[in-house]
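Let me begin by presenting the structure, written as structure tokens, before commenting on it.
Atoms within each ligand, like the ligands themselves, are counted from 1 in listed order. Just so we're clear, the structure is a prediction, and the values are computed from it rather than from any experiment.
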Amino acid sequence: MDFRFTPEEEAFRKEVREFLDKELPKDWPGVDPDCYHEDAFDEIHEVSVAMQKKLAAKGWLGLTWPKKYGGHEQPLWKQIILEEEMTYRGSPGLDPYQFVGGMGDLLLEFGTEAQKEKYLPMMIRGEIKGATGMSEPNAGSDLANIQLKADLQGDYFILNGQKTWQSAAHRADLAPVYVRTDPNLAKHRGISIILVEYQKTPGITMRRLEMMSGLGAFNEVFYDNVKIPKENLLGEINSGWKIVMAALSHERSYGVMLLINIRRDIDLLIEYCKETKDVDGEPLSKNRLIRNRLAEVVIQQEIARNVGYKLNHLALTGGNVVSTANHVKILGGITTQRVAQVGMQIMGLYSQLGPVGGNWRQTDPVKDKWARLGGRMKHLYLSTICNTIAAGTTEVARNAAAGALGLPREPKPAPKK
Ligand SMILES: Cc1cc2nc3c(=O)[nH]c(=O)nc-3n(C[C@H](O)[C@H](O)[C@H](O)COP(=O)(O)OP(=O)(O)OC[C@H]3O[C@@H](n4cnc5c(N)ncnc54)[C@H](O)[C@@H]3O)c2cc1C
């Protein structure tokens, strides 16, 4: 086992860093782990679209995908290095809903030839944005309870119902939407996946929901007699559950991105402690408690990151990723929350100051005068709460991890008399 990257891989990392230095706006803050919720800000959306085009021009979108769809058939490690560098810098442009275990991989695995030929080249050229349409008001952890109805009538599916928590759906062009095609079959059967072109399809309305961090990226999506051609069915009808499982496993590996992104916050926090003096005029970094806390979060992040590498190694060698993806998802959530807590403790009351939304461009020089690191820790504290919920909650993921150890399920509580 060799933990080092090869000289060729290191050279690629350098190239990505130089590209980001050149192409990202100066002092880019990049506060959101996947830079996707921040896409809700018009200004960040513009940067995101521009970066997507620049990545496409470099040949860095669809890096590992087959050449026949416009991909570049490069080794997975290159994709991982690209993700790491972009995520560390908080750079938008590498839309996770298409490229980081998102729609693209589902299309490659389950799509028809016509679907691949239509959509993959658009993604690779950086022309579209993606989303994912799973959750409903009564189908989150219990995803098999999906109720959004899709009736096959002639050549079209007719969709009626509602989705919720759809990240940046208002920006998206295309999403796999999880629907019920047969209400008479058992819950896990009767589910299908349909590719929906949000912007071009009449009958879809969206309502934005603001998160506690101030980002307005969530959407409720309503379907009112929405007509979708039957060619947009992904996989076979009523066999969507296996795609659900594949999608969740891909999505959980997103924990790796959280873990890379949080390293930047740790590094900024370390710099802050070196530069900031306490009441006795000594740098905070000399304080034993603070030093221990910083060391603790670095160790936690390093351990979690290495489990992320194990996940990538399994993916590369054709191993079973399900269990490790689940571990990474759990580690990503709790590690990022811990860093935010430590940051808040170190900065004390100052940590509560700063603009909402974590968008440094909104910083008011008078009002936010005393905010530290532009209010970054406050934003992190509020925005990481959802990291133990997104892509399936930590409680449910822990249940699955226990199941993988062969532990029996908890008995259901007896019904109340
Ligand atoms: C930042 C973020 C982005 C998201 N983006 C999207 C998106 O783009 N598209 C999309 O479709 N969805 C998205 N979601 C929704 C997400 O997938 C759901 O929130 C998640 O699956 C949990 O479902 P729920 O919110 O309905 O909670 P519930 O399932 O109602 O759970 C409520 C509580 O009960 C606990 N619980 C439930 N069942 C069990 C059990 N069996 N054992 C133990 N505890 C249990 C849960 O852990 C949780 O604490 C996003 C969520 C977040 C936070």
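For atom 9 (N) of ligand 1, the nearest protein heavy atom (residue, atom name, distance) is T132 O, 2.9 Å. Among all non-hydrogen protein atoms, the one lying nearest atom 12 (N) of ligand 1 is S135 OG, 2.7 Å. Scanning the protein heavy atoms around atom 25 (O) of ligand 1, the nearest turns out to be W165 NE1, 3.9 Å. Ranking protein heavy atoms by distance to atom 45 (C) of ligand 1, first place goes to V396 CG2, 4.0 Å. Looking from atom 26 (O) of ligand 1 to the surrounding protein, the closest heavy atom is G140 CA, 3.4 Å. Nearest protein neighbour of atom 49 (O) of ligand 1, counting heavy atoms only, is E395 OE1, 3.6 Å. In terms of protein heavy-atom proximity, atom 1 (C) of ligand 1 is closest to C386 SG, 3.5 Å. Of the protein's heavy atoms, A390 CA, 3.8 Å lies nearest to atom 51 (C) of ligand 1.
A donor-acceptor distance shorter than 3.5 angstrom exists from the side chain of K378 to the backbone of G354, with no hydrogens or angles considered. When atom types are taken as modelled, the side chain of Q337 and the backbone of I385 share a donor-acceptor pair closer than 3.5 angstrom. Between the side chain of T393 and the backbone N or O of V396, at least one donor-acceptor pair lies under 3.5 Å. Panel note: side chain N326, backbone V322; no donor-acceptor pair is recorded below 3.5 Å. Side-chain N or O atoms of Q98 include none that pairs as donor or acceptor with a backbone N or O of G126 at under 3.5 Å. No donor-acceptor distance shorter than 3.5 angstrom exists from the side chain of N160 to the backbone of K149, with no hydrogens or angles considered.
Counting protein heavy atoms under 4.0 angstrom from atom 35 (C) of ligand 1 gives zero. Distance check on atom 53 (C) of ligand 1: some protein heavy atom falls below the 4.0 Å cut-off. There is no protein heavy atom less than 4.0 angstrom from atom 30 (O) of ligand 1.
Not a single heavy atom of Y178 sits closer than 4.0 Å to an atom of ligand 1.
Within the listing of ligand 1, atoms 19 (O), 20 (C), 53 (C) sit less than 4.0 angstrom from a heavy atom of I389. Every atom of ligand 1 is numbered from 1 in the order shown, and the set under 4.0 Å from a heavy atom of M134 is 10 (C), 11 (O).
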Would R293 and Q345 satisfy side-chain hydrogen bond (donor to acceptor under 3.5 Å, both in side chains), going step by step from the backbone distance to the final call?
CA-CA 10 Å; R293 289 263 158 87; Q345 284 165 352; 2.9 Å; yes
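Here N387 has no heavy atoms under 4.0 Å from ligand 1, in either its backbone or its side chain. Of all the heavy atoms of T393, the ones lying under 4.0 Å from any atom of ligand 1 belong exclusively to the side chain.
Some N or O of N399 is nearer than 3.5 Å to an N or O of ligand 1, by distance alone. Any N or O atom pair closer than 3.5 Å counts here, and D142 shares no such pair with ligand 1. The shortest N/O to N/O separation between E136 and ligand 1 does not fall below 3.5 Å.
Atom OH of Y272 has more than 12 neighbouring heavy atoms from other residues, nucleotides or ligands inside a 6.0 Å radius. For R13, the CZ atom is densely surrounded, since the number of other residues' heavy atoms within 6.0 Å is greater than 12.
Between W60 and F99, a ring centre-to-centre spacing not shorter than 6.0 Å is recorded.
Residue nearest to atom 37 (C) of ligand 1, selected from A131, S141, S167: S141 (by heavy-atom distance).
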Extract all donor-acceptor atom pairs below 3.5 Å that involve side chains of residues 234-244 and protein atoms in other chains or at least two apart in sequence.
from: N238; atom 1: OD1; to: T181; atom 2: OG1; distance (Å): 2.7
from: S239; atom 1: OG; to: I237; atom 2: O; distance (Å): 3.4

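Sorted by first and then second residue, the salt bridge (charged side-chain N to carboxylate O under 4.0 Å, His left out) pairs involving residues 155-165 (not counting sequence neighbours) are E136-K163, D155-K230.
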